[in-house]
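First the structure, in the form of structure tokens, and then the observations on it.
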There are 2 protein chains.
Amino acid sequence: MTDTLPPETDAPENRPYHHGDLRRALIEAARVIIVRDGAQALSLRGVAREAGVSPAAPYHHFKDKQELVLAVGKLGFEELGEAMEVEINRIGGTVNDRITAIGVAYVLFARDNPALYRLMYDCSRNMESLPPEMHEKEHSAYAIVRNAMIEAGRASADNDIDVELATVAAWCVAHGIAEMGGFAQFAPLKQALGGELNFYRELLLRSGNFQPR
Amino acid sequence: MTDTLPPETDAPENRPYHHGDLRRALIEAARVIIVRDGAQALSLRGVAREAGVSPAAPYHHFKDKQELVLAVGKLGFEELGEAMEVEINRIGGTVNDRITAIGVAYVLFARDNPALYRLMYDCSRNMESLPPEMHEKEHSAYAIVRNAMIEAGRASADNDIDVELATVAAWCVAHGIAEMGGFAQFAPLKQALGGELNFYRELLLRSGNFQPR
DNA sequence: AGATCATCTTGACAGCGTTCAGATGAATTG
DNA sequence: CAATTCATCTGAACGCTGTCAAGATGATCT
């Protein structure tokens, strides 16, 4: 034995440090497990296994399982924001078109990453207040919706309360559709409307059901 | 030892049978634990402990922990339907008033039983199709919303697709508000709107944000 | 070179879901 | 009434989990 190699793992990058950038590796491993096996199958030991380290290793980077999960959720929110911005740029069109596109992008993100989306929501709820950057960052998911609401005249930019209310209302609708839109019982309805996308669009557009007219 | 009593438990009712109506007792115990300690603290062993039986006893009434949780969720849906009906009868008024009242009752139920509501949603999602009775029962939560949509002319009773779409859209909005309305970050907004109830009402009424006008 | 200090491992603990062999005792049968 | 049946409940065990304390490792700093 001329060399004491670190145990062989399938990490593509070289390990410049003790083990390498384990913190990032753990977050990534957790994300893989969640997407592949569901959130219920996410165990700290499993994540450590996937990353090729001992069960106690994560405790040098996260004080808790919860803290690792939180990091994954934060990553998810960044990805969500990116997905929404991509869709905005792809669509162009009128403001209303873009608002609908944002909503659809939101719902599709949840459809494509159901367990991750679920986890993201749990993160939001478990924090007494969301991390400040989520609201402040220029390109955060929240800022995107907020700006769209102002741009579309759903709220006047002067009235902070009005703006936030419009944003929250839109967000709640999207959240509801994101979580319930995937229910198997809605399959016939999707078919009757000519496909999933139309179903989501229709729900977004019709979500004024509680509004007297 | 003249008598081999069953181990002393604090169950108020007499035990006509071997242990008594354990199935119901387990569901009730689980509900208590969820409401008291949160869903994450719900363990099958804990439920058995609370009911005063051995850890293996539940397996004679539920094949799984999941199956017990499902029973609790079903109970929750029944309670939700009752809460909505109570509110409908209390309000009277115009159809629009009643629709709003249904939405508010829905959201308040979730606010008062957050962990239970969360569990109920998980149950809905984990079943490939909801138990038939949830849709069919005359006084189910679903039927209440559905009937309100027809009565309010949000959908013509002849058009099944339209009716279901209206119902689902309303439900999605209520679900979104129910889950996100409790976030601590909205506290200032609630205050600015003169209280929680107005906040929920405003969200319900404004949830047509994606609708072009 | 030697010391420092973050990083990682080993081993342990209690608690979890679940299973299985056996005890208990109410209901049914002869 | 006595014997049997059968659902119900217990006790002990399995492998898994999150978490912690003590020790090994090795990169970095003086």
Side-chain angles (χ1 to χ4, degrees), chain A residues 1-11 13-30 33-34 37-72 119 122 126, chain B residues 1-11 13-30 33-34 37-72 119 122 126:
Chain A
M1 266 197 272
T2 59
D3 252 340
T4 53
L5 306 166
E8 278 198 0
T9 65
D10 48 359
E13 316 180 72
N14 42 359
R15 306 276 171 93
Y17 192 37
H18 209 173
H19 176 106
D21 190 355
L22 184 56
R23 190 190 149 88
R24 191 180 305 274
L26 288 170
I27 296 177
E28 189 51 40
I33 292 176
I34 286 167
D37 308 326
Q40 219 162 12
L42 181 73
S43 74
L44 202 49
R45 291 177 105 104
V47 172
R49 226 175 287 133
E50 182 97 6
V53 294
S54 85
Y59 284 89
H60 294 268
H61 299 272
F62 306 94
K63 85 171 219 293
D64 237 3
K65 179 188 181 183
Q66 174 70 17
E67 204 172 280
L68 168 59
V69 168
L70 217 108
V72 176
L119 179 145
D122 279 338
N126 288 337
Chain B
M1 269 198 272
T2 59
D3 252 340
T4 54
L5 305 168
E8 277 197 2
T9 65
D10 48 357
E13 315 181 73
N14 44 359
R15 307 277 172 95
Y17 192 35
H18 208 174
H19 175 106
D21 190 353
L22 183 56
R23 190 189 149 89
R24 190 178 307 273
L26 288 170
I27 296 177
E28 190 51 41
I33 291 176
I34 286 167
D37 308 325
Q40 218 163 11
L42 181 72
S43 75
L44 202 50
R45 292 177 105 104
V47 172
R49 226 176 287 133
E50 181 97 8
V53 294
S54 86
Y59 285 88
H60 295 268
H61 300 273
F62 305 94
K63 84 171 218 295
D64 238 2
K65 179 188 180 183
Q66 175 70 18
E67 204 172 279
L68 168 59
V69 168
L70 218 109
V72 176
L119 179 144
D122 278 338
N126 288 337

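Keep in mind it's a predicted model, so treat the numbers as computed, not measured. Both backbone and side-chain heavy atoms feed into the values below; hydrogens, waters and symmetry mates do not. To find a chain, count down the sequence lines: A is the first, B the second, and so on, and within it residues start at 1.
Of all heavy-atom pairs between A/Ala48 and A/Pro55, the closest is CB-CA, 4.0 Å. Nearest heavy atom pair, residue B/Glu67 against residue B/His61, reads OE2-O, 4.2 Å. Shortest non-hydrogen contact noted between B/Val72 and B/Ala30 is CG2-CB, 3.7 Å.
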Could I get a table of every N or O pair under 3.5 Å where one atom is in the protein and the other is in nucleotides 15-18 of chain C?
{"from": "C/dC16", "atom 1": "OP1", "to": "B/Ser43", "atom 2": "OG", "distance (Å)": "3.2"}
{"from": "C/dC16", "atom 1": "OP2", "to": "B/Arg49", "atom 2": "NH2", "distance (Å)": "2.6"}
{"from": "C/dG17", "atom 1": "OP1", "to": "B/Leu44", "atom 2": "N", "distance (Å)": "2.6"}
{"from": "C/dG17", "atom 1": "OP1", "to": "B/Lys65", "atom 2": "NZ", "distance (Å)": "3.4"}
{"from": "C/dG17", "atom 1": "OP2", "to": "B/Leu44", "atom 2": "N", "distance (Å)": "3.0"}
{"from": "C/dG17", "atom 1": "OP2", "to": "B/Arg45", "atom 2": "N", "distance (Å)": "2.9"}
{"from": "C/dG17", "atom 1": "N7", "to": "B/Arg45", "atom 2": "NH1", "distance (Å)": "2.5"}
{"from": "C/dG17", "atom 1": "O6", "to": "B/Arg45", "atom 2": "NH1", "distance (Å)": "2.9"}
{"from": "C/dT18", "atom 1": "OP1", "to": "B/Asp64", "atom 2": "OD1", "distance (Å)": "3.0"}
{"from": "C/dT18", "atom 1": "OP2", "to": "B/Tyr59", "atom 2": "OH", "distance (Å)": "2.8"}
{"from": "C/dT18", "atom 1": "OP2", "to": "B/Lys65", "atom 2": "N", "distance (Å)": "3.0"}
{"from": "C/dT18", "atom 1": "O5'", "to": "B/Tyr59", "atom 2": "OH", "distance (Å)": "3.0"}
{"from": "C/dT18", "atom 1": "O4", "to": "B/Arg45", "atom 2": "NH1", "distance (Å)": "3.3"}

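A search for salt bridge (charged side-chain N to carboxylate O under 4.0 Å, His left out) contacts involving A/Arg23 returns nothing, not counting sequence neighbours. With sequence neighbours excluded, the residues that form a side-chain contact (heavy atoms from CB on, under 4.5 Å) with B/Ala57 are B/Leu22, B/Val53, B/Ser54.
At whole-Å resolution of the value, NE2 in A/His60 and C1' in D/dG23 are 11 Å apart. D/dA27 atom P lies 16 Å from atom CG of A/Leu22, rounded to whole Å. Atoms CD1 (A/Ile33) and C1' (D/dT17) sit 14 Å apart, rounded to a whole Å.
Between A/Phe62 and A/Leu70, the closest side-chain pair of non-hydrogen atoms is not below 4.5 Å.
Remark: B/His61 is in phosphate contact with D/dC9, judged by side-chain N or O atoms under 4.0 Å from OP1 or OP2.
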